[in-house]
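Please find one structure pasted underneath; my questions will follow.
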Protein chains: 2
Amino acid sequence: MPTLDHTSALRGAGLRVTAPRLATMDVVAEHPHGDAEVIAQAVRERLGTVSRQAVYDVLNALSDAELLRRVSVGGRSMQYELHRHDNHHHLVCRRCGRLEDIACAIGEAPCLTPHDDHGFEIELAEVVYRGVCSDCRASSADSAEPLGAPPALAALAPTAPSAPDSP
Amino acid sequence: MPTLDHTSALRGAGLRVTAPRLATMDVVAEHPHGDAEVIAQAVRERLGTVSRQAVYDVLNALSDAELLRRVSVGGRSMQYELHRHDNHHHLVCRRCGRLEDIACAIGEAPCLTPHDDHGFEIELAEVVYRGVCSDCRASSADSAEPLGAPPALAALAPTAPSAPDSP
DNA sequence: CCATCTATCTGGACTTATTCAAGATAATCG
DNA sequence: CGATTATCTTGAATAAGTCCAGATAGATGG
């Protein structure tokens, strides 16, 4: 029951401890990478009625306090995960939109030294790996659209190098 | 006058050559990384009245034909650039939202071999470098919000490691 | 050059994601 | 306990993008 952890985390961040906030942190801890809508649904299942505005407000407050981290991999909506201050990267399935955490590839900051930084002071590099997850590959042998895939993510994939459908 | 190039590019892609399309390609060529709204404005400056739907339709058609590439770096809207099939990456200023192209850092695919691919078949890695551009650094010495910065982009920056203001 | 066919545009309503505004509620401090 | 003030509620607004039905205009064939 990690609710007590969340209580102290909120207190430590100087935020008030309220039921919607605790429920939100629980939900994000249990279902990482949900968007505001999904989180709102899950929070309502625990607390009854929670307004959309309250959910957004909580998500923004917790993100500002760096208790949550906003993730945006190209879809219309943002997704949330517990902030672990480890600057990990993300793996996105272009079929089902599944999003997984992934450790940085080479050492600590593989991509922090581009050829030409254009005068920018670079602070961090975010890497998004795009591909097809094992589930989708397994079920893609015959069917083209097996899951309720967010169409936006498919539209984002710039160039698919290999043929997605087998002969 | 690159309009003729665009004409042949459209013809080569099997698309009809229309004024909105030519204007859109001109606009994107001259102002890379504009969003649909900006592009629509610029197109209207050239052609008079062009509907929102026409702009989206053109952008989608040209993106599908791989004459344009959609870029999404975390803001609400998508941005467009000419498709050069080079899989370059992007540099985003968290102050003003400026977006610049950047060549891949190390060799060809520095980040394509993560520690654990979670069973994914990884097709490509997109890298977004976040930082502060030279203009914003120059003007940030005293003022905190110097430019009309898109607030969404600032909200995206997960963790600012070093102090943004100089000593 | 004209007819025709179909890809493209127009205008308006609609969806989704997120935010704004004003007032009610309740968490924390003294 | 009472005051303060952050936080929630309701309801409407904004922004980005899409859908639909119908009008228009490229690209051929004759």
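We name chains A, B, ... by the order of the sequence lines, and we start the count at 1 in each one.
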How many angstroms lie between atom CD of Q79(B) and atom CG of D35(B), to the nearest 0.5 angstrom? 6.5 Å

If only side-chain N and O atoms of R16(B) are considered, is one of them under 4.0 Å from the OP1 or OP2 phosphate oxygen of dT6(C)? no

I'd like to know if V17(A) and L67(A) are part of one continuous hydrophobic network [Ile/Leu/Val/Met/Phe/Trp/Tyr, side-chain heavy atoms within less than 4.5 Å].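 Yes, L67(A) and V17(A) fall within the same hydrophobic cluster.
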
Does R21(B) reach a base, just sugar-phosphate, or nothing at all? Heavy atoms under 4.0 Å. sugar-phosphate

Report the end-to-end axis angle of the helix from dC1(C)-dG30(D) to dG30(C)-dC1(D); each axis comes from five terminal pairs, and the value is rounded to 10°. 30°

Pick the nucleotide of DNA chain D nearest each of T18(B) and S77(B); which residue has the one closer to the 5' end? S77(B)

With a cut-off of less than 4.0 Å, is there a side-chain N or O of R11(A) near OP1 or OP2 of dT28(C)? yes

Heavy-atom check, side chain of E37(B) versus side chain of V55(B), under 4.5 Å: no

Do the side chains of V128(B) and V128(A) get nearer than 4.5 Å, heavy atoms only?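 No, too far: nothing below the 4.5 Å cut-off.
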
Please identify each residue that fulfils ring-ring contact (aromatic ring centres under 6.0 Å, His included) with H88(A), with sequence neighbours left out.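 For H88(A) the ring-ring contact (aromatic ring centres under 6.0 Å, His included) partners, ignoring immediate neighbours, are H90(A).
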
If you compare every side-chain N and O of N60(B) against the phosphate oxygens of dT18(D) (OP1, OP2), does one of them come in below 4.0 Å? yes

Within the structure shown, what part of the strands sits under 4.0 Å from A36(B) by heavy-atom distance: base, sugar-phosphate, or nothing?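 A36(B): backbone/sugar contact only, no base atoms under 4.0 Å.
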
Atom pair distance, as rounded to whole Å: CG in L10(A) and C1' in dT28(C):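 Atom-to-atom, L10(A) to dT28(C), this comes out as 14 Å.
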
Considering only side-chain heavy atoms of Q53(A), which listed nucleotide, dC8(D), dC20(C), dT10(C), is closest? dC20(C)

Between D101(B) and H33(B), does any side-chain donor sit less than 3.5 Å from a side-chain acceptor? yes

Can you tell me the distance, in whole Å, between the CZ atom of R76(B) and the P atom of dG17(D)?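 That distance rounds to 11 Å.
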
With a cut-off of less than 4.0 Å, is there a side-chain N or O of Y56(B) near OP1 or OP2 of dG17(D)? yes

Does G14(A) or Q79(B) map to a spot on DNA chain D nearer the 5' end, using the closest nucleotide for each?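 Looking at DNA chain D, the more 5' nearest nucleotide goes with G14(A).
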
Do you know which of R94(B), R130(B), R137(B) makes salt bridge (charged side-chain N to carboxylate O under 4.0 Å, His left out) with E123(A)? R94(B)

Given dT10(C), dT10(D), dT18(C), identify the nucleotide with an atom nearest to the side chain of M78(A).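 It is dT18(C).
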
